[in-house]
Amino acid sequence: MPGKLKAKIVAGRHLPVMDRASDLTDAFVEVKFGNTTFKTDVCPKSLNPQWNSEWFKFEVDDEDLQDEPLQVTVLDHDTYSANDAIGKVYIDIDPLLCNEAASVISGWFPIYDTIHGIRGEINVLVKVELFNDLNRFRQSSCGVKFFCTTSIPRCYRAAMVHGFVEELVVNEDPEYQWIDRIRTPRASNEARQRLISLMSGELQRKIGLKVLEMGGNAVVGYLQCFDLEGESGLVVRAIGTACTLDKLSSGSAPNTATHTHPNTAPASNACNSPSKDGKEPVFGEDLLSSSGPPTPFRALPTSSSSPPPLSPSKPCSRQSSSSDTDLSLTPKTGMGSGGSAGKEAGPLKTLLRQQTQTALEQRGASSSGLLLNAREFPFFTLTSFPPGFLVHVGGVVSARSVKLLDRIHNPALGNTRSYKLLDWNSVTADEPETRDAWWEEIRQEIKSHAKALGCHAVVGYSESTSICEEVCILSASGTAAILNPRYMREGCLDIGIVDHRFEDPSPPSCGFCHIPYDELNMPFPTQLTYCYHCRRQKVPDVLFTTIDLPPEAAVTGKGCLIQARLCRLKKKAQGEVNATAISNLLPFMEYELHTQLMNKLKLRSMNALFGLRIQISIGENMLLGLASATGVYLTALPAPGGIQIAGKTPGDLSNEHHILTIQKRINDTIAKNKEIYQINPPKLFALDPEVFCGTNMELTEEVVGSPIPEPRQRSRLFRSHSESSDEVSELDLSHGKKDAFVLEIDDTDAVEDIHSLLTDATIPTGFNSCNTEIMPGIYNWTSAVQMFTSVRVFRLSNANLTNQGLNKIFTDLCENLLKSFYFKLRSMIPCCLCHLNFTVAVPEEELIQVAVTAVAMTYDKDQTQEKPAEKPITKGCIETEEQLQFPMELCADSSSTNTQLSSKISGVQETTNVSSRVSSLERSSPVPDGRSRSLRSTRGFGGSSVTVVKMTPLSFLPGTRIIKYLGIINMFFIRETTSLREEGGVSGFLHSFIAEVFAMVRAHVAALGGNAVVSYSMKECVFMENPNKNQAQCLINVSGDAVICVRETDQEPVPSNIGQTCTSETDGAT
Amino acid sequence: MAMELDVFVGNTTIMDEEVYQLWLDGYTVSDAVKVRMEGGVMEECEASADVLLSDTMDQYRTFQMCERLLYSPAKLANQLLFQIPPHRQAILIERYYAFDDAFVREVLGKKLSKGTKKDLDDISAKTNVTLKSCRRQFDNFKRVFKVVEELKGPLVENIRQHFLLSDKLARDYAAIVFFANNRFETGKRKLQYLTFQDFAFCAGQLINNWTVGAVGEQIPTDHQRSFRFYMDVDLDKEFLQELKELKILITDKDLLDQHKSLVCTALRGKTKAFNEMEANFKNLSRGLVNIAAKLTNTKDVRDFFIDLVEKFIEPCRSDRWTAADMKLYLTHYTNSAHILDTFKHQVVWDRYMGVIKSCIFKMFHD
């Protein structure tokens, strides 16, 4: 009996009127955990009941504690008929199971009903007493910390990175069970919500077990997804990166600590010296394939089913060279790719799974086995790394595979079986294997792609699916990379030999750009030049990656969001025919998306993409492709050539003229973009070649003197030296002219393409956009943040659309969304839209849905040019920070209707002044130091005690420092309506649902004692409507990390009450 | 591009002041878009009409969702659905409860009932305030009235606390509630020249001086009063009763003459209108004292303002008094009564004339 869960129901407020006669409600509460239920007394005739119940105690296994949510149901007592449910609150108690996270959950939770939405609030207190569990056969993994953040969480240091963890669980979808025909929509929705909550809990627990087996204590970059496969079931899967994290002592906690240098890592690292890796004899087969110098070309044509999508004459990048489609209608026994390693590893892994499931006694054996597992997939879901971690980056690797869902229908999940909620434990052992095999196949492919690029690891790794009817596309992508083994548990990576590359002291600002592959055996055609930064190693002309821009990277100018959008029509079909059609289309789509990205990159005069995410969604009659990335000019890479237009029919004079005009427009656009993004790189070198040569020589000599450089490498270095010293002039812009990118106009399609290339709207002045964590070129953030979610659905009215027409519509849809954001957020200028995350879907035959979540952050305009040396925040911005906690509104005040305001309501000013004075008085009273509990103050002004909770998709909040991670937030909601018109149509319905989801996330974070959510994301937004029946349904899944953050300049937690507006006090401190 | 669905939701609720005002003013979405376009917002951010339409729709939806919270503004502060910073909440509330003077002038003193609500379309046509806006304003009046009607304590303070309004707006609402409760007649043609602010000022005077709450614990003239509620929605009945005693000023011939001579002595040589004042003294005095004496009748309370205009302001105006004349006359008229040795009702007289004086000053437009 390892845990005691205690819950107390305090009070309710704003309850709905349940009794029309009295206009009141007789409310009581049921508290349920597992199979135990407690009830409070009925609080008669009140909309603001005070129950103040006793502590309800549940004695449970910690396994259950991890899996189950606490379920609080508020009901209206009815003497004569059945009690009516008002709504429910599900409380995930996982954060209480880890002693470093929250210690108590206490606060107001919105009471949620899947039909009516939020109906009042309830105040609940939850505590957990965990007993020490010495049982080594345990199934629980309490204490393992989970983070959605895809970097080492601030206020922790990575002692060790263990590697990839994955798990999936499968169950029947309650919505598709026979019982669904007779139960109410509410019951069905609740069953689904509860089931998914249980499945997520179980998934997390299982992943936690794996992490413990590996010797880790945390999962970073935890990515959990749902596949709603309809008839064939519900899959919840997750991937993450297992780590051992050390908490930084709070005294030394300033922000700089997050960049703890690896050299100061603890002793545990020392015993992992790279030399030891060489002796690792255990895993022979992998060693075989990677022990020699990387000769990856032989692994390139990985799949026989699809031709390499590139023709050599065309522009290319790593991304598309490794893209690949694979249709496997019959489950393959041997993996389609990856060669012997995959075949061997498959069964081994299955064996391992069984071992963990039966709680293998021999810890040593199983952990070594899991080690192999990690070694099998040296993947990392992280997108940014401690300095020195990332050695080289090869490029994007991705793999897609089209699957038919009905083929794997599991007999154990037959339709006739009645629905028992907890029964799914018994079927998981069998069913997930099919899905596991699918993913394993894909991962093998990714791994072999990475090898082809001479890389031993994949970073920025993610997986996704798109499902339409019974066809499913599985996608995985990441960035092939070489990592520094110092951080790795030994044997985690396939580093067979002491690789020269780790000895190589390439400067951190360009080292990662240097090619990891052998230039004599390039995996794909590309132009290599010597690094423009250090001039010692080769770099490609363009670099695509899925990771964030390394903070130490040398960048010229600013970055910007670059999107490629594509629609392809497809005939409606069923089953295999459909799947074949889709898999035939995929390579062409990937190719076109890639070409678009490349063109747009050149048009902006940039040479690298970060955070690349390519999404392909299937609909019944079309495929949508959307690639988003942040374009950057990396100083280390050559300047991109321009774009040259060539006509196919040279004789035609009017055509010539046409081409000339287009060419001129393109050149103008490039020039304009250079100005906008402040890209003027050649000056760096041209300025003082002498100096450059000098340093270069020094460096080179140093390298020569370093131990054991490979012969070939040495010669390369020398070459680099000579080249740089005698023809520095080659580095100027003229380089660009040589390999100008040629676009041929041979038909109308091409004209259209070029046209659409040029019609991308420019960003209004004062705005920047990116889809990564860090916006290159902006370093001085001020503290105003506005996170938002926007969803648009477009109905295609025209029955016979062409591909071109569709493209236009889709492009306009995305562009208009961006324009809308700029307009709405105009009062935040200068501001950057960060982490713009677009998700596309084809919910019905003629609908295109685009959902975006992003954050707008303001910055200080004056200092955008240079990286500030130490503290970017001046006193000035702190002042604004305090007053402008919601600066947008303030700005709107002053800008739009100032006169009206002051004339009409002159009294407002007075009242706000009064309140701020009061709160600052309160604040200045002595407060105990170093506590987090006091954050949850219940007092407030004007009866208000709502905690302000900031949300951001980024891993940080500008101007603040995270002092504590309180646990992961992972919530799934369903909302349904049968009175769509009355709720304001589809937009009104979804608008209030999204607002409700935000409110529930904020309430849970506040109850944990937090004041912010970082790494927030909306992973699922499935919207279905039936206007004829006046019905709609929507499912939303969100996740993030609940944190406590304090102002960077402040030792105390940020005041969290909405009534508080802090003034002078902290100003004085700075 | 016509969207099937188009929403934008911020973690901090985004609200544009201008659009809020358009919404409050009852503009339809398309009208609001037109107004905004003319206002030049588009140039600000290279926006298109589509963008503007989408933004306006979003904002209108947000306001509609907020509206039910605004019915009881205290809820806005501790609801969880919208994260709205406090100063923004204050603006939302203040604007929502703001009203058009033209509109309020039409319903001032009327019963806030369904019957009046039915006439709103006429009022809308007459005042050029959209029907939607009229309804909101009318419902606001009614809501405030319902909440404070039964509450103890000072009216303005009650309104401010329950609706979190600014002092100025709370006072205006107090006036509206007070007028509605006492059903003062304000619609007659002779009263048309008066603005809402004139009436609001007078209401403030009446509330502060003639209600039970006005006296409060400060002037506990006798023991009976102490158990009466501390309310200032209704006029102080006892006081109204006492006002009857003032009749002696006009019924007692000696007293009237004495009063007249005292006033005339004081005024002589100080104003051009002296002759008219002297000639009209008895008429004017009778007018004012008769108003006082009749206030025990509810019907006459309703006609209070019309009586003031007919019995006092109009005669004076026809004699071409200036505001200064008026001030001078009323001051001496009030003060002289104190010197009358047979006149015993000084306290009541001061309480009565204090209000009458300031009301007449306000209502006498040059």
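We name chains A, B, ... by the order of the sequence lines, and we start the count at 1 in each one.
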- All salt bridge (Lys or Arg N to Asp or Glu O under 4.0 Å) counterparts of B:Arg171, not counting sequence neighbours: B:Asp167
- Item | A:Arg13 side-chain N/O to B:Gln79 backbone N/O, donor-acceptor pair under 3.5 Å | no
- Note on the structure: CG of B:Asp6 to CG of A:Leu813, rounded to nearest 0.5 Å, is 9.0 Å
- Item | For A:Ser820 against B:Val51, the heavy-atom pair lying closest together | CA-CG1, 4.0 Å
- Item | Proximity breakdown for A:Phe1023 and chain B, heavy-atom pairs closer than 4.5 Å | side chain
- Can any side-chain N or O of B:Gln83 pair as donor or acceptor with the backbone N or O of A:Val948 at less than 3.5 Å? no
- What distance do A:His991 atom NE2 and B:Asp58 atom CG have between them, rounded to the nearest 0.5 Å? 6.0 Å
- Message: Could you tell me if the side chain of A:Leu825 sits less than 4.5 Å from the side chain of B:Ile14, heavy atoms only?
- Response: yes
- Interface check, chain B: of A:Ala856, A:Gly117, A:Ala999, most non-hydrogen pairs under 4.5 Å belong to A:Ala999
- Message: Restricting to non-hydrogen atoms, name the atom on A:Ser790 and the atom on B:Val7 that form the minimum distance, rounded to 0.1 Å.
- Response: OG-O, 2.8 Å
- Message: Taking side chain as everything from C-beta outward and backbone as N, CA, C, O, which of these in A:Glu121 sits under 4.5 Å from a heavy atom of chain B? Side chain, backbone, both or neither.
- Response: side chain
- Message: One thing to verify: whether A:Lys819 and B:Asp50 come together as a salt bridge, which I'm taking to mean a side-chain N less than 4.0 angstrom from a carboxylate O.
- Response: no
- Query: Can any side-chain N or O of B:Asn11 pair as donor or acceptor with the backbone N or O of A:Val949 at less than 3.5 Å?
  - Reply: yes
- Query: Minimum heavy-atom separation for A:Lys824 to B:Asp55, with atom names?
  - Reply: NZ-OD1, 2.7 Å
- Trace of the side chain to side chain contact (heavy atoms under 4.5 Å, CB included) decision for B:Leu5 with A:Gln849: CA-CA 9 Å; B:Leu5 182 159; A:Gln849 176 187 319; over 6 Å; no
- Note on the structure: Correct closest heavy-atom pair for A:Ala995 and B:Phe82 would be CB-CE2, 4.5 Å
- Is the shortest heavy-atom distance from the side chain of A:Arg792 to the side chain of B:Ser54 under 4.5 Å? yes
- Query: Do any of residues 59-73 of chain B come closer than 4.5 Å to chain A, heavy atom to heavy atom, and if so which ones, in number order?
  - Reply: B:Arg61, B:Thr62, B:Met65
- Query: When the ring planes of B:Phe8 and A:Phe821 are compared, do they come out parallel, tilted or perpendicular, using 30° and 60° as the limits?
  - Reply: tilted
- Can you find a pair of side-chain heavy atoms, one from A:Ile118 and one from B:Leu80, that are under 4.5 Å apart? no
- Message: Taking CE in B:Met57 as the centre, count heavy atoms belonging to other residues, nucleotides or ligands within less than 6.0 Å. Is the count above 12?
- Response: no
